[in-house]
A.B. asks: 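Sharing a structure below in structure tokens format, with a few things to ask.
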Amino acid sequence: MNKRPEILSPVGNEAMLTAALRSGADAVYLGTNEFNARRRADNFSKDDLPLVVRRCHEQGVKVYLTLNILIADDEFQRAVSLAVSAYNAGVDGLITADLGLAAFLHSRLPEIPLHASTQMTVYSPSALPILKNLGFVRVVAAREMNRTQLAELTAAADRLDMEVEVFVHGALCMSVSGQCLLSAVLGGRSGNRGLCAGPCRLPFAGGKDNGYALSLKDLSLLPHLKELAAMGVSSFKIEGRMKRPEYVAAATLATADALSDHPDPALSKLLAQVFSRSGFTDGYYVGKVDGSLFGNRTKEDSADASQAYKKLHEAYRHELARIPVTLHITVHANQPVSLTVCDGIHSICVTGDIPQTAIKKALTPEALQNALQKWGGTPYFADGFTYELDNGLALSGASLNALRRKAGEALSEQRCAVPTPLVVKAPEPIVAVKKTVSHMTLRVSRLSQLPPSLAGVREIVFPADGLSEWNRPIEGILPIIELPRLAPEDSLRRLLKTAANRGIRVAVASNLAHVTLICEAGLQPVFGLGTNVFSSFSLQWAQSVGGVGALLSPEMTIQQISALPDILPTAVFSYGRLPLMLLKACPGLAAGGCVKCNKQRVLHDRKGIGFPIACHGRYCELLNSTPIWLFDRMSDISADRALVYFTDESPQRVETVLAMARSRQPFDGAYTRGLAYRGVL
């Protein structure tokens, strides 16, 4: 290992920035008050960025800006403007989650390094070539990956000259990142848009008890950092932009300490006192996906926090001298004294006063060295001293101090230099095209749900692992397979090979790895749930990689959909229980397991409302309590297809729903309009 992975600390405000810098962070990530996944944090303004970057760069600390939410068309120009401002301020990387924005920035601003947010659900190596082609230099790995999967990802990234960033401490979402609609549907506050209200931390239970079946303990991989470093992980990321400065200090110090030869147990204890949820877990990483993953914040967890804060305040009271510099001073008669300072990359030379003839005591090398070692209050410390000194000369202490300060300021200017400012042309205006829904796309969870009559249906989507039940083509209907949302790549390749041999030509992709694998198998991808197609720019990107259709994000409003141009055939989720969470850990594990689950469990919130859990073996999905129904509002929708999404319905119920959909009549039971009219914050 040639280089220790960077310690990447969360920063939500100035106090947190100070804590991170003084505790030894190698890099920080932060957001502004727009377009970041922690919009409820204090955050910085766009105008703050130059000063923040300067402060960090002077100390050799990198700055990554989070621009990591889905971007709507009417926000796109402002998002690009923020990215340009960040580049001009000297930001070292841009963490983004929107593929349309990434594609635009790579084409217009290739100079800025792009980091793929964990919201992009990078779970396996086949996602990497797509990201590489988009200009990404780093990927933030999904938090649900185990050590074997992470090793495979880092090896694949290394072959592509890409970096891997791994969350090593902080909160764990119950849902796979980028695959959660729970907060959006329940309260209109979207996690994909940076305003998650955290409803998963409220009571949800499989029985009558008020359990916390959607709340996981906080992640801690600190005991595994050396193993991760040996894998080739480039960055150890700490979650927590909405926590206190003391937490940032504790987590940063503990991460650095965990890499030492003799870690201090007291630091880990201090970190637990500052914040935990019933302790910490490494369950995903070590492959222990069971009830030990679950936990919630209790009074006992916060009992000792105040004492921990006092200890931490002492730990980061002072500026951290972290930049070694070598010094060379030249003192000759009748010439201004000169001082050369080098930090290993930058070198500056400054001049000062002309030395005088000594009357009482002449300068000595020791006196010069002592005077030039006083770098307190700066990030520098002397790590090498050479000199040229004529005999019999004198310089005042004030003169030497002024020379040292002048050198420090000049070195900082050079270290904090920013790139030549760029101006990027605004995106072209969008020309909307009104579409009329012409037919239905029928999605079933098993082929036995298919009804006798398929009038009005042009495509049937069914699980790829149900191919053995697909006996013959149905005239006038295109068969489309749906890949498992979480599955090993070798399994997906086998499914796609079987599909191709059976004449299947189109497959639904739920993530970036799916897109690569579908195209490699000679099939065409349709972008489905989980790909978060949220704008015309993401539609353009989907088309550029061979997409032949896209399900628009269920978080888009009717108005936003109506403003789209005609780029790809689009579908709108028009009936069905919307999957609200993609879960690697089944909530049933919190109640002791799923022996009696029968692959269908209902989770109840604190109001007694039931949310079904659909089990798929390797993963499960939390479904909405009531189905969406938009068929009596089809005239409002500008799209090519209406998706009819069946999960647990009987064949008879499927037939009834399709009949109602054809006649576009009101639904015959409880339903929701989803987010089509109310949208999300």
Side-chain angles (χ1 to χ4, degrees), residues 1-32 36-38 41 43-44 48-68 83 86-87 89-96 112-118 136-141 154 157 162-170 221-222 225 228-229 232-241 243 245 247-259 316 319-323 343-345 379 412 415-419:
M1 186 176 64
N2 297 322
K3 182 181 177 183
R4 189 201 76 174
E6 72 178 11
I7 297 174
L8 176 56
S9 298
V11 171
N13 54 39
E14 193 69 32
M16 294 172 73
L17 177 61
T18 296
L21 294 178
R22 292 183 179 180
S23 300
D26 301 305
V28 298
Y29 65 104
L30 52 89
T32 65
N36 89 86
R38 292 292 183 270
N43 291 314
F44 296 88
D48 292 331
L49 290 178
L51 289 177
V52 170
V53 173
R54 180 183 177 85
R55 183 180 175 190
C56 292
H57 282 186
E58 183 183 25
Q59 300 193 38
V61 173
K62 292 184 177 181
V63 181
Y64 307 131
L65 180 74
T66 57
L67 209 168
N68 56 343
Y87 173 79
V91 161
D92 299 282
L94 194 67
I95 305 171
T96 185
I112 190 165
L114 296 178
H115 297 187
S117 167
T118 190
F136 284 92
V137 298
R138 178 183 290 186
V139 58
V140 186
T154 53
M162 297 177 73
E163 297 179 344
V164 174
E165 180 176 299
V166 172
F167 277 98
V168 297
H169 194 86
L221 298 184
L222 299 191
L225 294 192
L228 288 166
V233 171
S234 297
S235 179
F236 294 150
K237 187 171 193 172
I238 300 165
E239 184 278 336
R241 284 192 288 138
K243 293 190 174 75
Y247 166 86
V248 175
T252 304
L253 290 166
T255 302
D257 182 68
L259 286 165
Y316 71 93
E319 293 291 343
L320 185 64
R322 63 167 85 210
I323 310 298
D343 65 4
I345 299 175
S412 291
R415 291 175 61 84
C416 298
V418 296

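No hydrogens, no waters, no symmetry mates; every other heavy atom, side chains included, goes into these values.
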A.B. asks: To the nearest 0.5 Å, what is the distance between OG1 on Thr252 and CD1 on Ile238?
C.D. replies: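 It is 4.0 Å, given to the nearest 0.5 Å.
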A.B. asks: Measure the CZ-CE distance between Phe44 and Met16 for me, rounded to the nearest 0.5 Å.
C.D. replies: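 Between atom CZ of Phe44 and atom CE of Met16 there are 8.5 Å.
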A.B. asks: Might you point out which heavy atoms bring Ala27 and Val61 nearest each other, and give the distance in Å?
C.D. replies: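 The pair with the smallest heavy-atom distance is CA-CG1, 3.6 Å.
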A.B. asks: Hey, is NZ on Lys62 packed in by over 12 heavy atoms from elsewhere, all under 6.0 Å?
C.D. replies: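 For Lys62, atom NZ is not crowded (no more than 12 foreign heavy atoms under 6.0 Å).
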A.B. asks: Against Asn36, only a single residue in Leu67, Asn43, Leu65, Ile95 fulfils side chain to side chain contact (heavy atoms under 4.5 Å, CB included); can you say which?
C.D. replies: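 With Asn36 as partner, side chain to side chain contact (heavy atoms under 4.5 Å, CB included) holds for just one option, Asn43.
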A.B. asks: Measure across Ile112 and Ala83 and return the closest heavy-atom pair with its distance rounded to 0.1 Å.
C.D. replies: CD1-O, 4.3 Å
A.B. asks: Quick one: pull up CG in Leu225 and CG in Leu259 and give me the separation to the nearest 0.5 Å.
C.D. replies: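 The CG atom of Leu225 sits 5.0 Å away from the CG atom of Leu259.
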A.B. asks: Apply the test side chain to side chain contact (heavy atoms under 4.5 Å, CB included) to residues Phe236 and Leu221: give CA-CA distance (whole Å), side-chain angles for both, the deciding distance (0.1 Å), then the verdict.
C.D. replies: CA-CA 10 Å; Phe236 294 150; Leu221 298 184; over 6 Å; no
A.B. asks: For residues Thr18 and Arg55, is any side-chain donor paired with an opposing acceptor at under 3.5 Å?
C.D. replies: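 Checked: Thr18/Arg55 side chains pair up, N/O donor to acceptor below 3.5 Å.
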A.B. asks: Residues in salt bridge (charged side-chain N to carboxylate O under 4.0 Å, His left out) with Arg138, at least two apart?
C.D. replies: Glu6, Glu163, Glu165
A.B. asks: To the nearest 0.5 Å, how far apart are SG in Cys56 and CG in Leu51?
C.D. replies: 11.0 Å
A.B. asks: Identify the two heavy atoms, one from Asp26 and one from Pro5, that lie closest to each other, and give their separation to 0.1 Å.
C.D. replies: OD2-O, 4.1 Å
A.B. asks: Determine yes or no for a side-chain-to-main-chain donor-acceptor pair under 3.5 angstrom, with Arg241 supplying the side chain and Tyr29 the backbone.
C.D. replies: no
A.B. asks: Grab the two heavy atoms, one from Val11 and one from Ala20, that are nearest each other, plus how far apart they are.
C.D. replies: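 Answer, listing the atom of Val11 first, then Ala20: CG2-CB, 4.2 Å.
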A.B. asks: Output all residues satisfying side-chain hydrogen bond (donor to acceptor under 3.5 Å, both in side chains) with Ser412, sequence neighbours left out; order by chain, then residue number.
C.D. replies: Glu58, Tyr380
A.B. asks: Search all heavy atoms of Pro10 against all heavy atoms of Gly240 and return the closest pair with its distance.
C.D. replies: CB-C, 3.6 Å
A.B. asks: So do the side chains of Asp48 and Thr32 get within less than 4.5 Å of each other, counting heavy atoms only?
C.D. replies: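 Counting from C-beta outward, Asp48 and Thr32 never come under 4.5 Å.
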A.B. asks: Tell me whether Asp92 contacts the main-chain N or O of Val63 through its side chain, where contact means a donor paired with an acceptor under 3.5 Å.
C.D. replies: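 Yes, the answer is positive, given that a donor and an acceptor are paired below the 3.5 Å cut-off.
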A.B. asks: Would you give the length of the straight line joining atom OG of Ser117 to atom CG of Leu94, rounded to the nearest 0.5 angstrom?
C.D. replies: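 Answer for the OG-CG pair, Ser117 versus Leu94, is 10.5 Å.
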A.B. asks: Starting at CG of Leu253, measure out to OG of Ser9 and round the result to the nearest 0.5 Å.
C.D. replies: 9.0 Å
A.B. asks: Check step by step if side chain to side chain contact (heavy atoms under 4.5 Å, CB included) holds for Asp343 and Arg415.
C.D. replies: CA-CA 9 Å; Asp343 65 4; Arg415 291 175 61 84; 2.5 Å; yes
A.B. asks: Side chains of Lys237 and Val140, heavy atoms from C-beta outward: is any pair under 4.5 Å?
C.D. replies: yes
A.B. asks: Do Asn68 and His115 have a side chain donor and acceptor closer than 3.5 Å?
C.D. replies: no
A.B. asks: Let's go through Val91 and Val53 carefully: what are the C-alpha distance in whole Å and the side-chain angles of both, what is the deciding distance for side chain to side chain contact (heavy atoms under 4.5 Å, CB included) to 0.1 Å, and is it a yes or a no?
C.D. replies: CA-CA 6 Å; Val91 161; Val53 173; 3.8 Å; yes
A.B. asks: Taking all non-hydrogen atoms of both residues, which atom of Ala19 and which atom of Ser23 are closest, and how far apart?
C.D. replies: O-OG, 2.7 Å
